[in-house]
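Notes for the one structure printed next.
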Amino acid sequence: MLYYALKYLHIIGASVLLGTGAGIAFFMLLAHLSGRVALIAGVARIVVIADFLFTATAVVAQPLTGLALVWHLGYALSDHWIVLSLLLYLLTGVFWLPVVWMQMQMRDLALAALESGQGLPPRYFRLFWTWFVFGFPAFAAVLGIFWLMIARPAQIW
């Protein structure tokens with residue numbers, strides 16, 4: 001029963017990471033493309049909340065449930081697929097942490113533009129495109145982790 005509970009929580013956490021990440025990217029991109037400052041400010045505010053509420057929770061739960069599964073099933077942390085999963089997880093974090101900061105900055109810049117009745121400043125656009133580019137390696141790494149969890153290849157290198 002413990003195995004199924006851990007596996008269930010691990011799969012839910014992985015789904016939350018992938019789903020929240022994809023959803024946040026989709027809504028931020030559409031808000032940005034609209035060019036409407038009020039919409040961008042509102043979506044950015046919600047995105048920051050969602051990232052802290054859902055993504056951050058899953059970021060903490062994933063290694064905990066993953067390590068518990070490794071221990072419970074008798075895998076070694078040195079198994080190639082586990083090592084690569086952990087490296088990809090760290091890579092995701094390297095891109096996600098700055099993205100969270102960028103989202104907060106974009107939110108603040110959009111709110112300030114909305115309150116002043118002016119357009120978005122150039123800094124917003126620099127942050128947005130950096131945020132957009134950072135999403136690709138993070139998303140690819142998460143997809144790679146999903147594949148490793150499913151396939152659990154004995155040898156990778």
Side-chain angles (χ1 to χ4, degrees), residues 1-33 39-111 123-124 126-157:
M1 189 63 177
L2 176 61
Y3 166 72
Y4 290 111
L6 290 171
K7 188 172 183 177
Y8 177 78
L9 291 173
H10 197 66
I11 291 170
I12 294 296
S15 299
V16 167
L17 283 176
L18 183 64
T20 303
I24 282 172
F26 178 76
F27 290 116
M28 280 292 287
L29 177 62
L30 290 184
H32 174 81
L33 292 175
L39 181 62
I40 293 167
V43 169
R45 183 181 61 79
I46 293 167
V47 158
V48 169
I49 293 167
D51 232 357
F52 278 101
L53 185 62
F54 298 109
T55 310
T57 301
V59 162
V60 172
Q62 281 311 101
L64 296 176
T65 57
L67 291 172
L69 281 166
V70 166
W71 172 80
H72 185 72
L73 295 171
Y75 287 115
L77 285 176
S78 60
D79 287 355
H80 290 120
W81 71 274
I82 294 173
V83 171
L84 186 53
S85 293
L86 292 171
L87 290 173
L88 288 171
Y89 193 76
L90 291 173
L91 177 70
T92 302
V94 164
F95 285 96
W96 177 69
L97 288 172
V99 157
V100 171
W101 177 83
M102 286 181 240
Q103 289 170 172
M104 291 187 294
Q105 296 296 306
M106 288 186 291
R107 175 203 59 199
D108 295 346
L109 291 167
L111 286 171
R123 183 164 182 259
Y124 165 85
R126 285 191 305 274
L127 283 166
F128 176 83
W129 289 111
T130 305
W131 172 88
F132 184 78
V133 169
F134 272 37
F136 287 97
F139 194 72
V142 170
L143 291 177
I145 295 167
F146 261 82
W147 181 82
L148 290 165
M149 284 191 320
I150 293 165
R152 289 180 263 171
Q155 284 296 113
I156 297 173
W157 52 78

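These values consider heavy atoms only, across backbone and side chains, with no hydrogens, waters or symmetry-generated copies.
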Could you pull out the closest heavy-atom pair between [X] and [Y], with the gap in Å?
{"X": "Gly13", "Y": "Ala58", "result": "O-CB, 3.6 Å"}
{"X": "Phe146", "Y": "Ser15", "result": "CZ-N, 4.1 Å"}
{"X": "Ile82", "Y": "Ala76", "result": "CD1-O, 3.3 Å"}
{"X": "Ala138", "Y": "Thr92", "result": "O-OG1, 3.7 Å"}
{"X": "Val43", "Y": "Phe27", "result": "CG1-O, 3.6 Å"}
{"X": "Ala110", "Y": "Ile40", "result": "CB-CG2, 3.9 Å"}

(message) For His72 and Tyr3, take the angle between the two ring planes, folded into 0 to 90°, and tell me which bin it lands in: parallel under 30, tilted 30 to 60, perpendicular over 60.
(response) parallel
(request) Look at the rings of Phe128 and His32 and say which category their plane angle falls in: under 30° parallel, 30 to 60° tilted, over 60° perpendicular. (result) parallel
[X] vs [Y] side-chain heavy atoms within contact, under 4.5 Å:
{"X": "Thr55", "Y": "Val16", "value": "no"}
{"X": "Thr65", "Y": "Tyr8", "value": "no"}
{"X": "Ile24", "Y": "Gln103", "value": "yes"}
{"X": "Gln105", "Y": "Trp131", "value": "no"}
{"X": "Phe134", "Y": "Leu97", "value": "no"}

Using 0.5 Å steps for rounding, measure from the [atom1] atom of [X] to the [atom2] atom of [Y].
{"X": "Leu109", "Y": "Arg107", "atom1": "CG", "atom2": "CZ", "value": "10.0 Å"}
{"X": "Leu77", "Y": "Leu86", "atom1": "CG", "atom2": "CG", "value": "7.0 Å"}
{"X": "Ile12", "Y": "Leu17", "atom1": "CD1", "atom2": "CG", "value": "11.5 Å"}
{"X": "Met149", "Y": "Ile11", "atom1": "CE", "atom2": "CD1", "value": "7.0 Å"}
{"X": "Trp147", "Y": "Trp81", "atom1": "CH2", "atom2": "CH2", "value": "11.0 Å"}
{"X": "Arg45", "Y": "Ile49", "atom1": "CZ", "atom2": "CD1", "value": "5.0 Å"}

(request) Starting from the C-alpha separation in whole Å, work towards a yes-or-no answer on side chain to side chain contact (heavy atoms under 4.5 Å, CB included) for Leu84 and Leu148. (result) CA-CA 8 Å; Leu84 186 53; Leu148 290 165; 3.7 Å; yes
(message) Could you check whether atom CH2 of Trp129 has more than 12 heavy atoms from other residues, nucleotides or ligands sitting under 6.0 Å from it?
(response) yes
(request) Please lay out, stage by stage, how Tyr75 and Leu69 fare under the test side chain to side chain contact (heavy atoms under 4.5 Å, CB included). (result) CA-CA 8 Å; Tyr75 287 115; Leu69 281 166; over 6 Å; no
(request) Could I get the full list of ring-ring contact (aromatic ring centres under 6.0 Å, His included) partners for Phe136, not counting sequence neighbours? (result) Phe132
